[in-house]
Amino acid sequence: MLTIESLDAGYGKLQILRGLSLEVSELETVALIGANGAGKTTVLKAIMGLAQVMGGRITFYGTVLNGRPWYRIAQLGVAFVPQKSEVFAPLTVMENLEVGAYRIRRNKTEVRQRLEMALDYFPHLKRKLSQSAGYLSGGEQKMLSIARGIVGSPRMLLLDEPSLGLAPSVADDIFDKIGRIARGHPSLKATIIVEQNAFLALETAERGYVLEGGEVVLAGSSADLIGNPHVKKAYLTA
Ligand code: ATP
């Protein structure tokens with residue numbers, strides 16, 4: 001459903017990704033792992049129209065994404081949850097969720113169902129619906145940004161560093177929810193997780209790609225990558 005072929009991408013004249021190719025099939029969860037600066041976030045930004053594509057092609061359900069503005073890509077059903085959970089601080093938790101439902105705003109029944117579903121994944125937020133999002137803890141803001149991402153019935157969910165800045169127990173909890181969402185959310189056909197914590201990401205995903213210097217250096221099933229000596233040494237040891 002998503003195909004990236006020979007992608008060159010970056011920012012202005014700075015090229016970060018070099019001839020990068022990857023594929024995500026329907027109903028798959030895929031992890032992108034690699035060191036700081038390897039280009040993982042840039043892959044998500046290129047898909048979302050937020051980084052500059054200099055060459056190659058990104059296709060989503062047969063539609064070429066590169067060259068389209070981010071809001072058109074969002075309309076096609078791609079949701080991006082950025083690394084720094086960007087909640088709208090002055091808005092309440094409920095208002096933040098309603099912003100996420102913009103894509104499906106005309107179908108009030110679907111909006112109601114999706115809001116309920118998002119809150120079922122994150123029941124903790126139910127008690128905070130009328131609170132300003134800016135007062136939530138880091139973990140709660142992460143929950144809200146993921147919930148807001150799925151409220152609009154996306155077909156593909158792009159998650160950038162969901163564990164960043166969270167205590168290990170909170171990160172485990174968030175990844176447990178991500179696994180449930182990726183496997184069970186009715187609109188979702190695929191999820192891509194970019195993560196520094198390679199073990200958490202590979203435990204949740206079926207397949208993974210290892211990025212180094214803007215290129216894919218290794219790809220395989222999560223089980224194969226977890227057992228791979230290079231991955232173990234570079235990314236799985238504390
Ligand atoms: P991290 O886990 O640290 O975010 P990453 O693998 O996700 O790493 P990217 O965020 O894709 O890496 O960054 C790849 C390179 O692109 C880095 O050298 C970074 O400094 C550079 N970069 C990222 N965003 C921009 C930008 N907006 N303008 C210029 N360079 C950027």
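First listed ligand is number 1; within each ligand, the first listed atom is number 1. Computation of the quantities below employed the complete heavy-atom set of this structure, encompassing side-chain atoms and omitting hydrogens, waters and symmetry-equivalent molecules.
Ion pairing of Glu26 with Lys189 is absent here, as no side-chain N (NZ or NE/NH1/NH2) approaches a carboxylate O to less than 4.0 Å. Look at Asp160 and Lys84 and you find no salt bridge, because none of the NZ, NE, NH1 or NH2 atoms lies under 4.0 Å from a carboxylate O.
Between Ser187 and Glu110, every side-chain heavy-atom pair lies at or beyond the 4.5 Å cut-off. Two residues are said to be in side-chain contact when any heavy atoms from C-beta on lie closer than 4.5 Å; Leu166 and Lys142 meet this criterion.
In summary, the side chains of Glu195 and Ser163 do present a donor paired with an acceptor at a separation below 3.5 Å, with no hydrogens or angles considered. Side chains of Ser221 and Arg207: a donor-acceptor N/O pair is absent below 3.5 angstrom, by distance only.
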Check ligand 1 for N or O atoms under 3.5 Å from a protein N or O and list each pair with its distance.
unit_1	atom_1	unit_2	atom_2	d
ligand 1	2 (O)	Lys40	NZ	3.3
ligand 1	2 (O)	Glu161	OE2	3.0
ligand 1	2 (O)	Gln196	NE2	2.8
ligand 1	3 (O)	Asn36	OD1	2.9
ligand 1	4 (O)	Gln83	NE2	3.4
ligand 1	6 (O)	Ala38	N	3.1
ligand 1	6 (O)	Gly39	N	2.9
ligand 1	6 (O)	Lys40	N	2.9
ligand 1	6 (O)	Lys40	NZ	2.8
ligand 1	7 (O)	Thr41	N	2.8
ligand 1	7 (O)	Thr41	OG1	2.7
ligand 1	8 (O)	Gly37	N	2.8
ligand 1	11 (O)	Thr41	N	3.4
ligand 1	11 (O)	Thr42	N	2.9
ligand 1	11 (O)	Thr42	OG1	2.5
ligand 1	12 (O)	Gly39	N	3.3

